[in-house]
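Report on one structure; see the data block that follows.
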Amino acid sequence: MQHRTYCAVAPWIKVGLWSSGLLGLAIIGFALASLSMTAFAAQGGSTQASVDVKTALSPKVTAMELISDGSPQAESIAHAALLYASFWDTGDPRFAHWALATSFIDRTLPEGRAQGISGPLDASKHFRAAVPDLSVTVEHLLVVGDRAVVRLRFNGHFMGVFGEQRGQGQKIDFRAVDMYRVRDGFITDNWHLEDYQTLFSQLAAKAVTTGAKS
């Protein structure tokens, strides 16, 4: 049988220990808050160190068909992919900042486009100036491992200026396929292929009726 030795502690010592405990908790709490703010700032002031799909910005688009491997990270990967699609659908840069890691790399960078997050931000701005009613549909979303493959369909009307061409309301309808690597809920790498042949033929086509929409 074990015996416990009782040692009386003076009341003032008890108060001191209690106060020290509170101070320690306060210091730990402050340190954790500082780390959270640092992670918050690291993602451009609009994201977290890792995405909690229950509290993060909600996507504006959904996938018509979603196929997943059912892994623990599949939900956050699909969430990031739909956030990025929502960026192209709305032009709202908040969706891009919530979807893309600060170290984001475009692995199929088009000529003349800046690397990193600024690349798609500028591309969306310029393309939306030509097609102001641009919308995006996610036709298929496949999530496997740390990757997402997305089949996108872009729709709108060419009513602005694209290069030396001025739109007359021509219908725009083309597809693209993206593949993302996602870590901690953010897209770190993107490989993409657009049907530029269809897009450019539609931009060059003459509208049947000026300003008409179909």
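Quick note: residue numbers are just sequence positions, from 1. Remember, it's a predicted structure, so these values are computed and weren't measured experimentally.
- In the hydrophobic cluster analysis, where Ile, Leu, Val, Met, Phe, Trp and Tyr join through side-chain heavy atoms closer than 4.5 angstrom, F174 is grouped together with V136.
- Criterion: ILVMFWY side-chain heavy atoms under 4.5 Å apart, direct or through other members. Under it, V149 and W191 are part of a common hydrophobic cluster.
- Annotation: side chain of R94 is not in contact with side chain of F87 (no heavy-atom distance under 4.5 Å).
- Scanning all heavy atoms of the two residues, the minimum distance from V143 to A78 falls at CG2-CB, 4.1 Å.
- By the criterion of side-chain heavy atoms lying less than 4.5 angstrom apart, applied directly or through intervening Ile, Leu, Val, Met, Phe, Trp or Tyr residues, L121 is grouped together with L152 in one hydrophobic cluster.
- The same ILVMFWY cluster, assembled from side-chain heavy atoms under 4.5 Å apart, contains both F158 and F200.
- Annotation: Y84 is not in aromatic contact with F95 [ring centroid separation under 6.0 Å not met].
- H79 places no side-chain N or O within donor-acceptor distance of the main-chain N or O of P59, the cut-off being under 3.5 Å.
- N155 and K171 make their closest contact through OD1-NZ, 3.4 Å (heavy atoms, listed as atom of the first residue, atom of the second, distance).
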Check residues 124-132 and write down every donor-acceptor pair under 3.5 Å in which the side-chain atom is one partner and the other belongs to a residue at least two apart or another chain.
{"unit_1": "H126", "atom_1": "ND1", "unit_2": "D122", "atom_2": "O", "d": "3.3"}
{"unit_1": "R128", "atom_1": "NH1", "unit_2": "L134", "atom_2": "O", "d": "3.3"}
{"unit_1": "R128", "atom_1": "NH2", "unit_2": "W88", "atom_2": "O", "d": "2.6"}
{"unit_1": "R128", "atom_1": "NH2", "unit_2": "D89", "atom_2": "O", "d": "3.2"}

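- Shown here are the salt bridge (Lys or Arg N to Asp or Glu O under 4.0 Å) partners of D173, two or more places apart in sequence or in another chain: R153.
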- Using the side chain to side chain contact (heavy atoms under 4.5 Å, CB included) rule, take V138 and M64 through it: C-alpha gap first, then chi angles, then the decisive distance, then the call. CA-CA 6 Å; V138 176; M64 297 175 64; over 6 Å; no
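- S201 contributes a side-chain N or O that, together with a main-chain N or O of Q197, makes up a donor-acceptor pair within less than 3.5 Å.
- Taking all atoms of both residues into account, the shortest heavy-atom contact from T108 to D106 is N-OD1, 3.0 Å.
- Side-chain contact between E65 and H140 is present, with heavy atoms from C-beta onward closer than 4.5 Å.
- From F162, atom CZ reaches atom CD1 of I172 across 9.0 Å, with rounding to the nearest 0.5 Å.
- Taking all atoms of both residues into account, the shortest heavy-atom contact from E194 to H192 is OE2-ND1, 2.7 Å.
- With salt bridges taken as basic N to acidic carboxylate O contacts below 4.0 Å, one links E139 and R175.
- To the nearest 0.5 Å, the span separating CG on D184 from CD on Q73 amounts to 10.5 Å.
- Within the 3.5 Å criterion, the main-chain N or O of H157 finds a donor-acceptor partner in the side chain of D133.
- In plain terms, the two heavy atoms of V61 and L82 that are nearest each other are CG2-O, 3.7 Å.
- A donor-acceptor contact shorter than 3.5 Å is absent between the side chain of S76 and the backbone of G185.
- Side chain of Q165 to main chain of G163: no donor-acceptor pair is present (N/O by atom type, distance under 3.5 Å, no hydrogens or angles).
- The two residues A81 and V150 come nearest to each other via the heavy atoms CB-CG2, 4.1 Å.
- Two residues are said to be in side-chain contact when any heavy atoms from C-beta on lie closer than 4.5 Å; L141 and L66 meet this criterion.
- Within 6.0 Å of CZ in R113 there are more than 12 heavy atoms belonging to other residues, nucleotides or ligands.
- Looking at heavy atoms from C-beta onward, F104 lies in side-chain contact with P120 at the 4.5 angstrom threshold.
- Within a 6.0 Å sphere centred on CD of Q115, other residues, nucleotides and ligands contribute more than 12 heavy atoms.
- One finds the OG1 atom of T102 at 8.5 Å from the CZ atom of F186 (value rounded to the nearest 0.5 Å).
- For the pair N190/I105, no side-chain contact is recorded, criterion being any heavy-atom separation below 4.5 Å from C-beta on.
- Here CG of D146 is found 7.5 Å from OG1 of T188. Values are rounded to the nearest 0.5 Å.
- Annotation: side chain of R147 is in contact with side chain of M179 (closest heavy-atom distance under 4.5 Å).
- Placement of V177 and I67 within a single hydrophobic cluster is found when ILVMFWY residues are connected by side-chain heavy-atom separations under 4.5 Å, directly or transitively.
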